[in-house]
*Asks:* 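Once you've had a glance at the structure underneath, I'll fire off some questions.
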2 protein chains.
Amino acid sequence: MSESSPPKRAELPAEPTQASRFSKARTAQSGALMEDYVELISDLIGEGGEARPTDIARRLGVSHPTAIKTISRLKREGLAVAKPYRGVFLTEAGENLAERVRARHRVVVDLLLAVGVPAEAAEQDAEGIEHHVSDTTLVAFGRFLQRGR
Amino acid sequence: MSESSPPKRAELPAEPTQASRFSKARTAQSGALMEDYVELISDLIGEGGEARPTDIARRLGVSHPTAIKTISRLKREGLAVAKPYRGVFLTEAGENLAERVRARHRVVVDLLLAVGVPAEAAEQDAEGIEHHVSDTTLVAFGRFLQRGR
DNA sequence: CTTGAAATGTAGCCAAGGCTACATCTTCTA
DNA sequence: TAGAAGATGTAGCCTTGGCTACATTTCAAG
């Protein structure tokens with residue numbers, strides 16, 4: 001193919017940068033649900049000693065079959081274990097993930113509060129925001145909070 | 001049904017609050033793609049006078065059929081218009097949305113920078129975060145930035 | 001020890017958002 | 001002005017994350 005032919009039309013520079021930004025945002029969003037489940041299961045076990053699909057569904061605001069289906073994926077990905085009609089439990093990997101998610105959630109909420117977001121909105125928005133906060137940003141948030149106190 | 005029967009098991013308080021938080025986070029994420037498309041289309045038209053599906057696909061990092069399918073949804077929802085083999089254009093509603101999204105994006109990036117997030121990470125993360133920033137939080141961000149300068 | 005309510009699980013449906021493969025249209029250029 | 005290249009569009013498939021409807025299992029009262 002001849003390299004000499006000039007661009008036919010506008011020819012934008014392709015910008016792989018922007019494309020990868022969008023891709024990454026979408027990919028991040030994919031694991032978000034898993035993170036929510038894992039964190040919630042960990043919380044439920046902490047609160048009442050067990051995590052039942054029905055409680056998970058209720059807390060997440062979804063139907064119980066939806067919860068059960070997602071729990072299957074959790075099992076498939078090695079984050080949880082569950083035997084039929086018994087509760088759900090986290091694997092080592094699941095617990096680790098839960099702890100990381102919990103820590104990140106705290107930092108995000110604290111940061112929102114620190115910049116003046118009302119408590120209610122901070123909790124609300126953090127639920128969505130946290131899944132898109134990279135490690136780099138998380139560290140920056142931490143430093144900012146440190147400075148502030 | 002007899003109200004007298006005591007709870008059989010743990011009986012958690014149902015917490016509609018938390019459930020609705022999660023639900024809202026998921027719903028927000030649903031419109032995210034539409035917002036990205038609308039903003040990008042607006043940008044492309046601004047840059048080169050037209051928005052072609054191929055360019056949209058490239059900038060978003062998806063295949064062109066995916067872009068085309070999403071553009072159909074944009075049309076279906078009254079945000080864009082397009083005639084076959086001609087470019088894509090925004091309706092009044094689409095333009096308005098684009099402007100709001102653009103403004104919000106700026107504020108989010110600025111806030112991240114203001115709290116010390118490195119530029120690269122700020123741009124990267126803002127792409128995902130912005131879709132979960134409520135009006136309340138946006139206003140708070142604005143005030144914080146105001147104070148800072 | 002029976003039994004019925006609540007929990008759990010299964011089947012099958014839907015829309016969104018991806019993809020590849022293939023078909024068709026436009027447009028630039030030789 | 002005829003081709004070929006590139007843009008556009010269509011078909012069909014996949015996974016995720018929802019749902020409802022129905023079947024099965026547990027378990028606490030009676």
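In the text below, chain A, chain B and the rest are named by the order of the sequence lines, each starting its count at 1. Treat the numbers as computed from the prediction; the structure is a model and nothing was measured.
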*Asks:* Under a 3.5 Å distance rule, please check whether B/Ser42 uses its side chain to pair with a backbone N or O of B/Val38 as donor and acceptor.
*Replies:*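 Between the backbone of B/Val38 and the side chain of B/Ser42 there is no qualifying donor-acceptor contact (under 3.5 Å).
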*Asks:* Please give, in whole Å, the distance from D/dT16 P to A/Asp36 CG?
*Replies:* 16 Å
*Asks:* Taking atom P of D/dT24 as reference, at what distance in whole Å does atom NE2 of A/His64 sit?
*Replies:* 14 Å
*Asks:* Can you identify which nucleotide, out of D/dT8, C/dC19, C/dG12, has its nearest atom closest to the B/Val62 side chain?
*Replies:* C/dC19
*Asks:* Starting at atom CD of B/Glu50, determine the distance to atom C1' of D/dG6, rounded to an integer number of angstrom.
*Replies:* 14 Å
*Asks:* For A/Thr27 and A/Ser23, indicate whether the former's side chain and the latter's backbone hold a donor-acceptor pair under 3.5 Å.
*Replies:* yes
*Asks:* Donor-acceptor pair, B/Arg104 side chain versus B/Leu138 backbone, under 3.5 Å?
*Replies:* no
*Asks:* Can you tell me the distance, in whole Å, between the NZ atom of B/Lys69 and the C1' atom of C/dC19?
*Replies:* 9 Å
*Asks:* Which distance, rounded to the nearest 0.5 Å, do you find between the CG of B/Asp36 and the CZ of B/Arg59?
*Replies:* 12.5 Å
*Asks:* To the nearest angstrom, how far is A/Ile68 atom CD1 from C/dG12 atom P?
*Replies:*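 My rounded result for the distance is 17 Å.
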*Asks:* Without decimals, in angstroms, what is the distance between A/Leu74 CG and C/dG9 P?
*Replies:*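 So the CG-P distance, A/Leu74 to C/dG9, works out to 14 Å.
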*Asks:* Could you tell me whether the phosphate oxygens of C/dA7, OP1 or OP2, come under 4.0 Å of any side-chain nitrogen or oxygen in A/Arg58?
*Replies:*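 Looking at the OP1 and OP2 atoms of C/dA7, neither is under 4.0 Å from any side-chain N or O of A/Arg58.
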*Asks:* Are OP1 or OP2 of C/dT26 and a side-chain N or O of B/Arg52 less than 4.0 angstrom apart?
*Replies:*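 Checking C/dT26 against B/Arg52, no side-chain N or O comes under 4.0 Å of OP1 or OP2.
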*Asks:* Please confirm whether the shortest side-chain N or O distance from B/Thr54 to OP1 or OP2 of D/dT8 is below 4.0 Å.
*Replies:*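 True: B/Thr54 side-chain N/O within range (under 4.0 Å) of D/dT8 OP1/OP2.
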*Asks:* Heavy-atom contacts under 4.0 Å between residues 80-87 of chain B and DNA chain D, which residues?
*Replies:* B/Pro84, B/Tyr85
*Asks:* Please give, in whole Å, the distance from C/dT8 P to A/Ile71 CD1?
*Replies:* 9 Å
*Asks:* Evaluate B/Val117 against A/Phe141 for side-chain contact (heavy atoms from CB on, under 4.5 Å), listing each step before the verdict.
*Replies:* CA-CA 7 Å; B/Val117 176; A/Phe141 281 5; 3.9 Å; yes
*Asks:* Which is more 5' along DNA chain C, the nucleotide nearest B/Leu33 or the one nearest A/Pro65? Just name the residue.
*Replies:* A/Pro65
*Asks:* Give the rounded distance in Å between these two atoms: NZ of A/Lys75 and C1' of C/dT8.
*Replies:* 11 Å
*Asks:* Could you walk me through whether A/His105 and A/Glu127 satisfy the side-chain contact (heavy atoms from CB on, under 4.5 Å) test, starting with their C-alpha distance in whole Å, then the side-chain angles of each, then the deciding distance to 0.1 Å, before giving a yes or no?
*Replies:* CA-CA 8 Å; A/His105 181 82; A/Glu127 213 62 71; 3.9 Å; yes
*Asks:* A/Val108 vs A/Val133, test: side-chain contact (heavy atoms from CB on, under 4.5 Å). Steps then yes/no.
*Replies:* CA-CA 8 Å; A/Val108 171; A/Val133 171; 4.0 Å; yes
